[in-house]
Amino acid sequence: MEKKETHGSSDKWAESLQSVFDLALENQGPERTAQLLNKLADRLRASQDGLPRGFNTPYVNTIPPEQQPPFPGDWQMERRIKSYIRWNAMAMVVKANSTTNVGGHISTYASAATLYEVGFNHFFRGRTGNFPGDMVYFQGHAAPGIYARAFLEGRLDEKHLQNFRQELADGGGLSSYPHPYLMPEFWQFPTVSMGLGPLLSIYQARFNRYLQARGLAKWAEEPKVWCFVGDGESDEPETLGSLTLASRENLDNLVWVVNCNLQRLDGPVRGNGKIIQELEAAFLGAGWNVIKVIWGSDWDELLARDKSGLLLKRMGEAVDGDYQKYSVEPGSYTRRHFFGKYPELLELVNHLTDEQIHKLLRGGHDTRKVYSAYQAAMEHKGRPTVILAKTVKGYGLGEAGEGRNISHQQKKMNEKELREFRARFNIPISDDVIAETPFYRPPADSPEAKYLLERRKTLGGFLPARQVNPGSPVLDVPKLNFFAEFFKGSSTGVSTTMAFVRLISVLLRHKGLSRNIVPIIPDEARTFGLDALFKDIGIYSSKGQLYDPVDSQSLLYYNEKKDGQILEEGITEAGSMASFIAAGTSYATHGVPMAPFYIYYSMFGPQRVGDLFWLAGDIRAKGFLLGATSGRTTLNGEGLQHQDGHSLLHAGSIPTLLAYDPAFAYEIAVIVADGLRRMYAEGEDIFYYLTLYNENYPMPPMPAGVEDGILKGLYKFKPGPEISLAHPMGKGGRRPGEGSEGLKAHIFGSGTIINSALRAQEILAERYGVSVDVWSATSYKLLRTDALRCKRWNMLHPTASPKKSYIETLLAKEQGAFVAVSDYMRLVPDQIAPWVPGGLMTLGTDGFGRSDTRARLRRFFEVDAEFTVIATLYALAEKGLVEREVVTKAIKDLGVDPEKIQPHIV
Ligand SMILES: Cc1ncc(C[n+]2csc(CCOP(=O)(O)OP(=O)(O)O)c2C)c(N)n1
Ligand SMILES: [Mg+2]
């Protein structure tokens, strides 16, 4: 009785507050009313410590039962199909681990099965005609479930499943996770490096809009980008880092489903809190449409009878650690500890047995609840949607790992556990074979097989499927002579960065290619001089330009346009890489090849977002990465954090990335022209990394016949002079009786530091009587790869006539000492040392950078002309070709302090 009164009076309170609210709204307007409400809410929070500060709604489903749309499918049929998939997903992991220890995950898919199956049966659309298909980012560790479905669909056979995680087995196998590089006709998006899938999905959805705005993609219905995210994965900064881009850009073509099974690998995601509430606040704050799917249908009736709001209160009180426990313990535990906290709640569940309490479903396992959420997400306009679905990790595994902290690592099941699993999901497998965990596929003429295929047919075909149509347009790429102006050279000083900017503006005038170029910049256009493009091609902005830019009178004004071509990403190298990847894979995802040119501070490339570089290789992205302000000594003034002397090592580690360190404008032109040809005319799945420097110097004309050498990594740029034997050093330096030919050496220079080599060439000729050939080493990585290829072949064909690598052939007849100098660590040129006749003396910029001028930095790092001279003389002395005293004298003459600090610390 008393309870009723309280309840009744709280209704009255609600009515009074409502009428005051209505009055305020009418008289004061929405803005002032909001201010007043905020003030009051602040007072309330101040008086009640612990009240959520952010945006939160109660811990119940966002969509009340009365607003659920009717479920259009046959849910029992779908349950059976899902059960078979569950079984096969489990069986493939258990089987693989019965004979090997290759690992795999059972519990992730077990918790997500309904989330995926509702998508497969009702929402995910395949590629048809102009429609590129919905783009679905599957949680990497859920891969067994996706394979198991493809098996039921008849796309994979038993052999594939049998060889899960055994790709090198006879006949091939399935890759552990989604890797387009390994399964190029199946997986579209790599996701297993957690956080990257969510980030990529935002930029993919944005890139879809970009393509459409520029008239490069047309579709009757817009594809949706679906991204499945782990609740533990939400701790990765990449996951939540770009949420506001999605809302700012009104990406209602984007749907995230966060599988909130409350667990990650080691234990609970938020044992002492609630991950769903925490994420809700973050997403609402970021402007997303949030749909919570917490409770299954069984709870509807309980909530409807909860007039006092106590159940709601209890739901809000219990923390995730409690909820995890309820999934593991029997129903009696939940009755006692969850409902039992308030006697009224015990009454509420009086009619339920312990078994029924244990089976009260979580929202993410309820097909109808999940369907309602997806349908609402499909219909939502104006904002991206996130669905926060509560599930149980390892759902259905029972004692083998349901809800347990070890669930994630569970890979084996004993016979008893297998029997329980079979019984729970009604899998038609007999006792005599169950221990072998056989796969089960319903016969082709069974209602399940027909239903499954019919659903996919209606939705436009299978998924995931990566398709590169042989007929998809290749680009009309420019021929080499299109770049003629770069081959002439220029007497005025320009940097390779300026040369590149010039090159891209020339490319933007090429009829066949111009529209497909995507310049990408993370707020550095003005640093690199790319602001010259603002006016001509504009910066993409879905809103156009709603204001008059302050610099509208200037030539380089900040020009935003709805069909702008530049992706100016702001200060996010990760976001820019995500755009690079979306653009660089557009040939596959959209059948529209795009050529991204992403230019950035080289130090903030692979060092900052290296995993995205790696992923770009996996996903077979094409395009050009341009590490500008490259080199440890060329970027003067900046210092330790900005001066890059090692990105070429990172780049060298990515198998399909061609890494170049060009010195001259014509080299850039040759490399870009060939890259465009290989990627966009020949269809090779490779991408390019070029260093660009910001030091100005005259660009020489291209010597004849060097194109091949530029592309392969080394060519002779400037042969040394004939040295008269009358030169004082000609005799004085050389050891007596060492023959009559002049002293000879070779210096390999890269990037801007080739100038140290060229100055050293002069000094060595004039003062020391050494004739030096200066070579431009454009790619040590490519030289090494080629040399290794030959060496390996020779090892495996020991009696055949040995193959000679490019570098060996090139240097076979060269005499004297070999020295390499670059603005990168010594390890970069050291890569080719084994194939250089007589070894390679390397100079490089090992160590932390410093703020200073170029000249001082080069002396400090020992890559200036003087050090190059000393190194060359020393290399000659080591070969016994000059006296050691000559080196000592040079050190003195050239003003080098032999006791100077060594930049390389350890
Ligand atoms: C960047 C990165 N760090 C660590 C891992 C290793 N890892 C794989 S799964 C996992 C736990 C996943 O938890 P959650 O995101 O909640 O997914 P669930 O399996 O629970 O659905 C971890 C730590 C990874 N794959 N990527
Ligand atoms: Mg989890």
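Both counts, for ligands and for their atoms, begin at 1 and track the order of listing.
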Numbered in order shown, the ligand 1 atoms found under 4.0 Å of a heavy atom of Val192 are 24 (C), 25 (N), 26 (N)
Quick one: which ligand 1 atoms are inside 4.0 Å of a heavy atom on Thr108?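 This gives 18 (P), 19 (O), 21 (O) as the contact atoms.
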Contact partition for [X] relative to ligand 1, non-hydrogen atoms under 4.0 Å:
{"X": "Asp231", "result": "both"}
{"X": "Gln263", "result": "backbone"}
{"X": "Arg264", "result": "both"}

Side chains of Thr57 and Lys292: do they bring a donor and an acceptor to under 3.5 Å?
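Yes, a side-chain donor-acceptor pair sits under 3.5 Å.
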Q: Tell me yes or no: between the side chains of Lys393 and Gln324, is some donor less than 3.5 Å from an acceptor?
A: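 On atom types as modelled, these side chains do not qualify, holding no pair under 3.5 Å.
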Closer than 2.8 Å to the Mg ion (ligand 2): does that hold for any N, O or S atom in [X]?
{"X": "Ser111", "answer": "no"}
{"X": "Gln263", "answer": "yes"}
{"X": "Glu233", "answer": "no"}

| Among the N, O or S atoms of Asp231, the one nearest the Mg ion (ligand 2) |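 Result for Asp231 and the Mg ion (ligand 2): OD1.
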Answer yes or no: is there a donor N or O on one side and an acceptor on the other, between the side chain of [X] and the main chain of [Y], under 3.5 Å?
{"X": "Thr191", "Y": "Gly197", "answer": "no"}
{"X": "Trp87", "Y": "Pro438", "answer": "yes"}
{"X": "Arg125", "Y": "Asp134", "answer": "no"}
{"X": "Gln410", "Y": "Gly401", "answer": "no"}

Residue, atom and distance of the protein heavy atom nearest atom 24 (C) of ligand 1 read Met194 CG, 3.3 Å
Residue, atom and distance of the protein heavy atom nearest atom 21 (O) of ligand 1 read Gln139 NE2, 2.8 Å
Fill in: Protein non-hydrogen atom found under 4.0 Å from atom 4 (C) of ligand 1
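Given the 4.0 Å limit, the answer for atom 4 (C) of ligand 1 is no, no protein heavy atom qualifies.
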Requested in this report: Compare His105, Gln409, Glu233 and give the one whose heavy atom is closest to atom 15 (O) of ligand 1.
Outcome: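 Among His105, Gln409, Glu233, the closest heavy atom to atom 15 (O) of ligand 1 comes from Glu233.
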Among Leu265, Val269, Ile275, closest by heavy atom to atom 11 (C) of ligand 1 is Leu265
Note to self: Using a strict threshold of under 4.0 Å (side-chain N to carboxylate O), is an ion pair present between Lys622 and Asp685?
What the structure shows: yes
